[in-house]
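Below is one structure, written out as structure tokens; the observations come after it.
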There are 2 protein chains.
Amino acid sequence: MDATAPATPHASDQGTSAQASSAEDTCSPYDVFARDCPSRGTLEHVTGRWGSLTLSAISDSTVRFNELRRRVDGVSEKMLSQTLHALERDGLVNRRSQETNPPRVDYCLTPLGHDVARRLRELFDLVEGRMPEVLAAREAYDARGGR
Amino acid sequence: MDATAPATPHASDQGTSAQASSAEDTCSPYDVFARDCPSRGTLEHVTGRWGSLTLSAISDSTVRFNELRRRVDGVSEKMLSQTLHALERDGLVNRRSQETNPPRVDYCLTPLGHDVARRLRELFDLVEGRMPEVLAAREAYDARGGR
DNA sequence: CAGCATCCCACAGGATACTG
DNA sequence: CAGTATCCTGTGGGATGCTG
């Protein structure tokens with residue numbers, strides 16, 4: 001019942017793999033472009049609507065549940081909880097609860113989570129910094145009636 | 001009707017901004033952590049389920065619609081079309097159609113799109129390369145009954 | 001405070017069919 | 001080939017209420 005190393009990364013062992021992008025220099029057998037590769041699921045946790053913001057919000061701090069809710073503006077209790085569970089299961093987030101009263105639970109990133117969060121923040125910075133370009137493009141697009 | 005520079009990036013001008021993460025060194029007034037900042041929408045296009053894969057699949061090539069569909073394994077015609085429109089509107093993708101018969105339409109990245117795609121591929125490579133860690137974490141998590 | 005359970009609905013998104 | 005249009009379902013995700 002143990003399988004520290006999975007037999008096959010994804011069922012479609014060939015023919016599905018898209019292009020060279022990440023397969024050429026990465027020797028990893030995992031490919032996010034393949035529909036049924038497990039990496040796709042993890043990628044969706046990481047890039048998901050709340051996953052990316054949550055990871056980046058934790059960053060290198062140790063933070064409690066409600067503080068996190070405040071940081072990630074707009075997230076509901078339910079979704080934050082759900083998101084944290086998925087990230088914890090994937091080994092990106094550590095959860096440490098102290099059975100006190102009132103209860104105190106702290107979240108922080110694992111080393112892997114930290115690496116992921118760093119990439120995410122680079123992406124955020126890029127998007128934020130270049131929003132003027134994006135908005136200009138939108139107006140141009142709309143101005144000519146979406147063509 | 002023109003507004004090359006938007007008046008205010010987001011309505012909630014203060015109090016909402018999460019932590020320092022991207023606000024401290026970025027002078028950009030845009031903040032993905034703010035619920036109603038336009039950058040949040042663009043981020044979702046970029047990190048969305050199909051958006052991220054599509055951008056990365058185009059990469060530095062010029063590619064046609066159906067070829068793209070094949071690269072992004074699992075995307076439906078409808079979603080790819082929809083995704084491409086959103087990315088084009090945000091100024092990340094260029095669409096050039098030649099009115100021939102049969103019709104030929106080519107998609108490629110804008111300079112901005114290329115920059116974004118590069119960050120995305122770094123993220124993909126990281127996730128793919130460390131899937132063994134992720135899977136091990138999952139098993140450990142499941143083994144102890146999700147605690 | 002930190003959450004799980006429940007209800008419920010809007011919308012993401014798949015399948016199918018049709019057009020230039 | 002490169003789409004748009006329509007239909008229909010699953011589920012993402014908000015609101016509310018309860019527990020330790």
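Order of the sequence lines fixes the chain letters, A, B, ..., with proteins taken first and strands second; residue numbering starts at 1 for each chain.
For the pair Leu80(B) CG and dG3(D) C1', the computed distance is 10 Å after rounding to whole Å. His45(B) places its NE2 atom 13 Å from the C1' atom of dA12(C), with the value rounded to the nearest Å. Here dT11(D) presents its P atom at 13 Å from CD of Glu44(A), a figure rounded to the nearest Å. Distance Asp73(A) CG to dG13(D) C1': 16 Å, rounded to the nearest Å.
Neither OP1 nor OP2 of dA2(C) sits under 4.0 Å from any side-chain N or O of Arg104(A). An OP1 or OP2 oxygen of dG3(D) is reached within less than 4.0 angstrom by a side-chain nitrogen or oxygen of Tyr107(B). The phosphate of dC1(D) (OP1 or OP2) has no side-chain N or O of Arg64(B) nearer than 4.0 angstrom. Between His85(A) and dG3(C) there is no side-chain polar atom (N or O) within less than 4.0 angstrom of OP1 or OP2. Under 4.0 angstrom from either OP1 or OP2 of dG3(C) there lies no side-chain N or O belonging to Arg147(B).
Closest contact between the side chain of Pro102(B) and the listed nucleotides dC1(D), dG13(C), dC1(C) involves dC1(D). Of the listed nucleotides (dC4(C), dA2(D), dA2(C)), dC4(C) has the atom at the smallest distance from the side chain of Ser81(A). Candidate nucleotides dG14(D), dG13(C), dC4(C) were compared by shortest atom distance to the side chain of Met79(B), and dG13(C) ranks first. Taking only side-chain atoms of Arg95(B), from C-beta outward, the nucleotide of dA2(C), dG14(C), dA2(D) with the closest atom is dA2(D). Distances were taken from every side-chain heavy atom of Asn66(B) (C-beta onward) to each of dG14(C), dA2(D), dC4(C); the shortest belongs to dA2(D).
The 12-atom threshold is exceeded at CZ of Arg138(B), counting heavy atoms of other residues, nucleotides or ligands nearer than 6.0 Å.
At least one side-chain heavy atom of His85(B) sits under 4.5 Å from a side-chain heavy atom of Ser81(B). Counting only heavy atoms from C-beta outward, the side chains of Arg130(B) and Asp115(A) approach each other to under 4.5 Å.
Mapping Lys78(A) and Pro103(A) onto DNA chain C by nearest heavy atom places Pro103(A) at the nucleotide closer to the 5' end.
Base engagement by Glu77(B) is indicated by at least one non-hydrogen atom pair under 4.0 Å involving a base atom.
Between Ser59(A) atom OG and Arg71(A) atom CZ the span is 8.0 Å, to the nearest 0.5 Å. Note that the CD atom of Glu44(B) and the OG1 atom of Thr47(B) stand 6.5 Å from one another [nearest 0.5 Å].
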